[in-house]
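Counting convention: from 1, in listed order, for ligands and their atoms alike.
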Amino acid sequence: MQTLVCSPDRVRVVSDHAPQQIPAPDYDLPEGYTHVYSGKVRDLYEDPDGRLLFVASDRISAYDWVLPTTIPDKGRILTALTVWWFERLGDVLPNHLLSLEVPAEVAGRAMVTQRLDMFPVECVARGYLTGSGLSDYRNTGSVCGVALPAGLVDGSRLPEPVFTPATKAELGDHDENVDFETITKTVGLDDATELRRLTLEVYARAEELARERGIIVADTKFEFGRSLRSGVIVLADEVLTPDSSRFWPADQWSPGSPQPSFDKQFVRDWLTSTDSGWDRTSGEAPPALPEWVVEQTRAKYVEAYERLTGTAFR
Ligand code: PZK
């Protein structure tokens, strides 16, 4: 089944399936916390002091679906990774983390964060070509208005990382890649220039460090906001996790065909195998994952954390 948005002159495929209801969180918070928003894999609350509580759930998505199975510890691993990156990036810019003292129900997988005035731009840096960047390149030779050399293939390392902003789509739709000029019209030239600089600076640092530790960060998405107090630009959301980035095992990097995903390859391989009984073009929701896929996937999140940080998880 496809959901179509129709107007007289345009017909656009929004997604291959109707927007999925996000599963209710698998935890309860104490009184005084109010739910603000849930995405596929994370939940946002306002706490009793008017600050935000950012919760990384154990939910996992694949092929645009939230799967009916959770991955134990995924939220804790991604939160720990985000906090570790925030510590390493503090000399580039401030971040929204205020405290890790959170309700016991979400201990380890939530952050108390500063409420920001968010920029309505997904700030993406790409050091390697794949996904929507590859599609745009094949169609136009450019990505988000940045011309690239001829002859690049799926997985190619780019001559230098590029800033490829996107605008947020409606629920169920994909973000739309836009050029730099488009975001200057949304946020102004000065802020657009600064968001590009920060995005590329943070990516360059992270990509180099991760590559030394066996993980290619092919691309990554940042969200920035402005401090309501000081007006400075602040790094928000979760950062440089497998959910906000494409992580590839460096020792298997081989441009010219799709690269295996560091974290989700077992999930994708099983879902698309005959064993799952699922047809991803059917519009049907995917089935529950078998225990072995859950365990191997959990092990990949732990491995990403341990390789990057050099410390044992737990
Ligand atoms: C904010 N999101 C995305 C995050 C979701 C959705 N520090 C902040 N201040 C104000 N707003 C946000 C943030 C942050 N981070 C982030 N939407 C608003 C988001 C978590 C779960 F469902």
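- Residue-to-ligand polar distances place Leu116 within reach of ligand 1: an N/O pair is separated by less than 3.5 Å.
- Of all protein heavy atoms, the one closest to atom 8 (C) of ligand 1 is Leu52 CD1, 3.5 Å.
- Under 4.0 angstrom from ligand 1, the non-hydrogen atoms of His96 all belong to its side chain.
- In this structure, atom 20 (C) of ligand 1 lies nearest to the protein heavy atom Phe54 CE1, 3.4 Å.
- Using a 4.0 Å cut-off to heavy atoms of Tyr37, the atoms of ligand 1 that qualify are 5 (C), 6 (C), 22 (F).
- Residue pairs satisfying the ring pair (Phe, Tyr, Trp, His ring centres under 6.0 Å) criterion with at least one member in residues 106-126, sequence neighbours excluded, are absent.
- In terms of heavy atoms, Pro249 sits closest to Pro260 at CD-O, 3.4 Å.
- Side-chain contact between Trp278 and Tyr63 is present, with at least one heavy-atom pair separated by less than 4.5 Å.
- Residue Asp237 has at least one heavy-atom neighbour below 4.0 Å for each of these atoms of ligand 1: 15 (N).
- Donor-acceptor pairing under 3.5 Å is lacking for the side chains of Asp28 and Tyr33.
- Residue contacts with ligand 1: Ser38 is included, with a non-hydrogen atom under 4.0 Å away.
- Taking the six-membered ring wherever Trp is involved, the centroid distance between the rings of Trp253 and Tyr128 falls below 6.0 Å.
- Judged by distance alone, the side chains of His174 and Asp64 do bring a donor and an acceptor atom under 3.5 Å apart.
- By the criterion of a heavy-atom distance under 4.0 Å, neither the backbone nor the side chain of Asp117 is placed next to ligand 1.
- For ligand 1 and Arg115, the ligand atoms under 4.0 Å from any heavy atom of the residue are 9 (N).
- Here the protein heavy atom with the shortest distance to atom 16 (C) of ligand 1 is Leu44 CD2, 4.0 Å.
- Ring planes of His17 and Trp65: parallel class, angle under 30° (limits at 30 and 60°).
- With a 6.0 Å radius and a threshold of 12 heavy atoms from other residues, nucleotides or ligands, Glu176 has its CD atom at or below the threshold.
- Closest heavy-atom approach to atom 3 (C) of ligand 1 within the set Gln114, Glu46, His35, Arg42: this belongs to Arg42.
- Protein heavy atom at the shortest distance from atom 11 (N) of ligand 1 is Met118 CG, 3.4 Å.
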